[in-house]
2 protein chains.
Amino acid sequence: MKEENFGLVLLLVKKAGLFGRTIVSTSQLAELTGFSQQSISRKLRELEKEGLILRKVSNKGTEITLTKKAVSELKSFYLELDELFSEKEFSLSGKVLDGLGEGKYYTSLPNYKKQFTKILGGDFFPGTLNIEVNLNEKNVLTSAKPIIITGFKTKARSFGAIKVWKCLINKKVECIAILPERTTHKENILEVVSIFNLRKKLNIKTDSVVEVTRK
Amino acid sequence: MKEENFGLVLLLVKKAGLFGRTIVSTSQLAELTGFSQQSISRKLRELEKEGLILRKVSNKGTEITLTKKAVSELKSFYLELDELFSEKEFSLSGKVLDGLGEGKYYTSLPNYKKQFTKILGGDFFPGTLNIEVNLNEKNVLTSAKPIIITGFKTKARSFGAIKVWKCLINKKVECIAILPERTTHKENILEVVSIFNLRKKLNIKTDSVVEVTRK
DNA sequence: ATTACTACAGATCGAGTAG
DNA sequence: TCTACTCGATCTGTAGTAA
């Protein structure tokens, strides 16, 4: 099918189901897609001609059934995207930076702390390990679906949501990678929190290289 | 982004990675997409204008980086398709038909039999339960990724591949739904095989209604 | 080698309107 | 109401060619 009609076909399959049928009017579809009624009419005739839909026109609208051809074209496009976006295990490496991280402050705030504790399954080490990473790799890691730590407000100010991902560090120790909504960090830094003091547990120091694997 | 450029953007993200970069020439892309060099040139300029890619032209080609905007647009399209195609649990119901099914013959052929036994985890009842189902529902069930039973040849004839899906019948008993490559069945019949005699095990008879759930 | 401008052909769009 | 035809405006595509 023409790429420009993917959206329309997707809309139809949502209405009709993968192998079902639906009755719609061209003006309904026009409104939903932003095209004119005339263009939808033409497009439907095109799709029929290409063997992507079956069409039964009446004075109540048009009954549409998607063919196997349409479903399989949509699916093969889906599989290509799935190759990119399905959340496979993903690893990146980086160098440990000095200090405990600014995360020490906000992870200690009671409201956040409660949520971190729940996700980590127990009290956690007060302080984050900051790792210098490749920005692109960090973006890939954080493109997976996050666990959301909700924000809150005090009289003084409001604290935003934080996104976290369960990870393993050096393939052994559970931790979570965290990404504050409004970060003050340089973008190429990844902060992780664990129930362990990671420096002791893994015998790592500033400048050690560690591997973080998203689970 | 314009829908008509989804394919091009997908190609670019495949080359560059989700947050990486790549150097390509417009004529390479032209060849890969079937557009002319000139059209690709124009489309890349359009994508840049829309804020979907960063472009750095040199006499070696064009360096392209996808922006977060492009990735998020692709991803939201992916999520819509995922809603349709991700293989969730799926159930359908149908009426048990008379007889043991023609499957009794081919499941008894040594080559097939060996493969069925492996998938079912043990010797199976000789004979298939045939269930009259809604064709659309059957199509949805069989739109998930199948396990393939490979075909074989004898001197006399060749036997095609068979697709099967692990299922539960009446939410209790494991079975597999089978779909021969060249079926002689009416299309609205679903055949299942189990290590049990399903009629006895589930106390069902001809015309009983059973539920088949894809696992 | 590149990219990209120009110029024109042909596709696509939607307003008006018929059936 | 509905679909869909006509037709002029606009968009899209590419050959030729410049830079």
Side-chain angles (χ1 to χ4, degrees), chain A residues 1-17 20-67 69-70 73-74 77, chain B residues 1-17 20-67 69-70 73-74 77:
Chain A
M1 84 184 75
K2 291 184 192 171
E3 275 183 55
E4 66 201 61
N5 290 331
F6 256 103
L8 176 58
V9 174
L10 184 54
L11 187 65
L12 291 173
V13 76
K14 276 186 188 168
K15 277 194 162 284
R21 67 191 67 190
T22 183
I23 293 188
V24 282
S25 77
T26 51
S27 32
Q28 272 168 50
L29 291 175
E31 203 161 327
L32 290 167
T33 57
F35 285 105
S36 68
Q37 176 271 321
Q38 294 87 336
S39 289
I40 295 295
S41 170
R42 180 174 42 79
K43 281 169 183 289
L44 291 181
R45 277 171 279 141
E46 277 172 18
L47 292 176
E48 183 184 36
K49 213 170 177 180
E50 287 180 81
L52 294 165
I53 62 169
L54 304 176
R55 235 168 110 253
K56 216 180 208 167
V57 177
S58 73
N59 58 1
K60 297 204 165 186
T62 307
E63 182 184 283
I64 292 174
T65 313
L66 272 86
T67 63
K69 186 178 175 192
E73 289 197 22
L74 274 183
F77 198 63
Chain B
M1 83 183 75
K2 291 182 193 171
E3 274 182 57
E4 65 200 62
N5 290 330
F6 254 102
L8 176 57
V9 173
L10 185 54
L11 187 65
L12 291 173
V13 76
K14 277 186 188 168
K15 277 196 161 282
R21 66 192 68 190
T22 184
I23 294 188
V24 283
S25 76
T26 50
S27 32
Q28 274 169 47
L29 291 175
E31 203 161 326
L32 290 167
T33 57
F35 286 106
S36 68
Q37 176 271 322
Q38 293 88 336
S39 289
I40 295 295
S41 171
R42 180 170 46 77
K43 281 168 184 290
L44 290 181
R45 279 172 278 142
E46 277 171 16
L47 292 176
E48 184 185 35
K49 213 170 176 180
E50 288 180 79
L52 295 166
I53 62 170
L54 302 177
R55 238 168 107 252
K56 217 180 207 166
V57 177
S58 73
N59 58 2
K60 298 203 162 185
T62 307
E63 182 184 284
I64 291 174
T65 313
L66 272 87
T67 63
K69 186 178 175 191
E73 288 198 22
L74 276 182
F77 198 63

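On a predicted model such as this, the values are computed, not experimentally measured, just so you know. Every chain is numbered from 1 and lettered A, B, ... according to where its sequence line falls, protein lines coming before strand lines.
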Task: Which residues share a salt bridge (charged side-chain N to carboxylate O under 4.0 Å, His left out) with Glu31(B), sequence neighbours left out - done: none

- [ ] Apply the side-chain contact (heavy atoms from CB on, under 4.5 Å) test between Leu52(B) and each candidate in Lys2(B), Met1(B), Glu46(B); give the one that qualifies.
- [x] Met1(B)

Task: Non-hydrogen atoms of Ala30(A) and Ser36(A) that approach each other most closely - done: CB-C, 3.6 Å

Open item on the list: If you define the side chain from C-beta out and look only at heavy atoms, does anything of Ile53(B) sit under 4.5 Å from Thr65(B)?
Closed with: no

TODO: Please work out which residues in residues 25-38 of chain B have a non-hydrogen atom less than 4.0 Å from an atom of DNA chain C and list them by number.
DONE: Ser25(B), Thr26(B), Ser27(B), Gln37(B), Gln38(B)

Task: Side chains of Ile23(B) and Ile64(B) in contact at under 4.5 Å (non-hydrogen atoms) - done: no

Task: Rounded distance [0.5 Å steps], CG in Leu29(B) versus OG in Ser39(B) - done: 12.0 Å

TODO: Give the first and the last nucleotide of DNA chain C, reading 5' to 3', that has any atom under 4.0 Å from a heavy atom of chain A.
DONE: dT12(C) to dG16(C)

Open item on the list: Rounded to the nearest 0.5 Å, what separates atom CD1 in Ile40(B) from atom NZ in Lys43(B)?
Closed with: 7.0 Å

Task: Atom pair OG1/CZ of Thr62(B) and Arg21(B) - distance to nearest 0.5 Å - done: 14.0 Å

Open item on the list: Less than 4.5 Å apart, side chain to side chain, heavy atoms only: is that true for Val24(B) and Leu32(B)?
Closed with: no

Open item on the list: Quick one, Phe6(A) with Phe6(B), criterion ring-ring contact (aromatic ring centres under 6.0 Å, His included). Give me CA distance, side-chain angles, the key distance, then yes/no.
Closed with: CA-CA 9 Å; Phe6(A) 256 103; Phe6(B) 254 102; 7.8 Å; no

Open item on the list: Contact list please: residues 42-66 of chain B against DNA chain D, heavy atoms, distance less than 4.0 Å, in numerical order.
Closed with: Arg42(B), Lys43(B)

- [ ] Drop me the distance from Phe35(B)'s CZ to Thr26(B)'s OG1, to the nearest 0.5 angstrom.
- [x] 13.5 Å

Task: Closest heavy-atom pair and its distance - Arg45(A), Arg55(A) - done: CG-NH2, 3.4 Å

Open item on the list: Counting C-beta onward and ignoring hydrogens, is there a side-chain heavy-atom pair between Lys15(B) and Gln28(B) closer than 4.5 Å?
Closed with: yes

Task: chain A contact limits on DNA chain D, taken 5' to 3' with a cut-off of 4.0 angstrom to heavy atoms - done: dC2(D) to dC5(D)

TODO: Enter the distance from Leu74(B):CG to Lys69(B):NZ here, rounded to the nearest 0.5 Å.
DONE: 12.5 Å

Open item on the list: Using five pairs at each end of the helix from dT2(C)-dA19(D) to dG19(C)-dC2(D) to define an axis, what is the angle between those two axes, to 10°?
Closed with: 40°

Task: Spacing of Lys14(A) atom NZ and Leu66(A) atom CG [to the nearest 0.5 Å] - done: 13.0 Å

